[in-house]
Amino acid sequence: QLQLVESGGDLLQPGGSLRLSCRASGVTLDYYAIGWFRQAPGKEREGVSCISSRGGSTDYADSVKGRFTISRDNAKNTVYLEMSSLKPEDTAVYYCARRRYIYCADFEGGSEFEYWGQGTQVTVSS
């Protein structure tokens, strides 16, 4: 049974950095695009970033471009989200998800993502 587990969430001050991890168990992530999403209280879920199956293509929401970096280590069955210059508006529960196929096109809406983790809380506050 496929399970995605996010980790690395924390409470930190504005301007700080954090790395989130998404580890899969039960099946390989090798042949699938992986996305990171977030949801803040009272807001809709937002697509943050996505990486193609081999890592050759990445995509980011405008709100995080230049601050977040997605990467993957297929040997470890893990995808990472490096976050820097964090802002209070980055506060949310962050989720990773596996897409049905290898590409990230139009990932922002969350379509065709079939497996989701439980989320990890990131809080940015002074």
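- Criterion: ILVMFWY side-chain heavy atoms under 4.5 Å apart, direct or through other members. Under it, V48 and L29 are part of a common hydrophobic cluster.
- Note: W116 and Y95 have perpendicular aromatic rings, judged against thresholds of 30 and 60 degrees for the angle between ring planes.
- In this structure, M83 CE and R19 CZ are separated by 11.5 Å, a value rounded to the nearest 0.5 Å.
- Scanning both residues, A24 and L2, for their nearest heavy atoms gives CB-CD1, 4.2 Å.
- Here the straight-line distance linking atom CG of L81 with atom OH of Y94 works out to 7.5 Å at 0.5 Å rounding.
- When every heavy atom of A97 is checked against every heavy atom of L4, the shortest pair comes out as CA-CD1, 3.8 Å.
- Using a distance-only test at 3.5 Å, with no hydrogens or angles considered, a donor-acceptor pair links the side chain of E6 to the main chain of Q118.
- At a threshold of 4.5 Å between non-hydrogen side-chain atoms, the residues E108 and D59 count as touching.
- Summarising the geometry of C104 relative to S52, their closest heavy-atom pair is SG-N, 3.6 Å, with the distance given to 0.1 Å.
- The 12-atom threshold is exceeded at OH of Y101, counting heavy atoms of other residues, nucleotides or ligands nearer than 6.0 Å.
- In this structure, CG in L20 is found 10.0 Å from CG in D10, a value given to the nearest 0.5 Å.
- Taking the charged nitrogens against the carboxylate oxygens, D90 and K87 have no contact shorter than 4.0 Å, which rules out a salt bridge.
- Distance CZ/R72 to OG1/T58: 11.5 Å, rounded to 0.5 Å.
- Sorted by first then second residue, the ring pair (Phe, Tyr, Trp, His ring centres under 6.0 Å) pairs that include residues 41-83, not counting sequence neighbours, number zero.
- Within a 6.0 Å sphere centred on CZ of R45, heavy atoms belonging to other residues, nucleotides or ligands number more than 12.
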Contacts table for residues 119-126: side-chain donor-acceptor under 3.5 angstrom, sequence neighbours left out:
| unit_1 | atom_1 | unit_2 | atom_2 | d |
| --- | --- | --- | --- | --- |
| T120 | OG1 | G9 | N | 3.0 |
| Q121 | NE2 | A92 | O | 3.4 |
| Q121 | NE2 | T123 | OG1 | 3.2 |

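- The two residues G35 and F113 come nearest to each other via the heavy atoms N-CE2, 3.6 Å.
- Side chains of Y32 and R99: no donor on one and acceptor on the other come within 3.5 Å.
- Between S21 and W36, the shortest heavy-atom contact is O-CH2, 3.6 Å.
- When each of N74, D73, I34 is checked for a side chain to side chain contact (heavy atoms under 4.5 Å, CB included) with V79, only I34 meets the rule.
- No continuous path of hydrophobic side-chain contacts links F37 to I70 [ILVMFWY only; heavy atoms under 4.5 Å].
- Looking only at atom types and distance, the side chain of S63 has a donor-acceptor partner in the side chain of E46 under 3.5 Å away.
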Run the side chain to side chain contact (heavy atoms under 4.5 Å, CB included) check on S57 and Y103 step by step: do they pass? CA-CA 8 Å; S57 176; Y103 297 116; over 6 Å; no
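- Annotation for T28 and R98: closest pair O-NH1, 3.9 Å, computed over non-hydrogen atoms.
- The side chain to side chain contact (heavy atoms under 4.5 Å, CB included) test with L86 singles out one residue from L12, T91, V64, and that residue is L12.
- Atom OG of residue S7 and atom CZ of residue R23 lie 9.5 Å apart, to the nearest 0.5 angstrom.
- Comment: R100 engages E114 in a salt bridge, judged by a side-chain N to carboxylate O separation of less than 4.0 angstrom.
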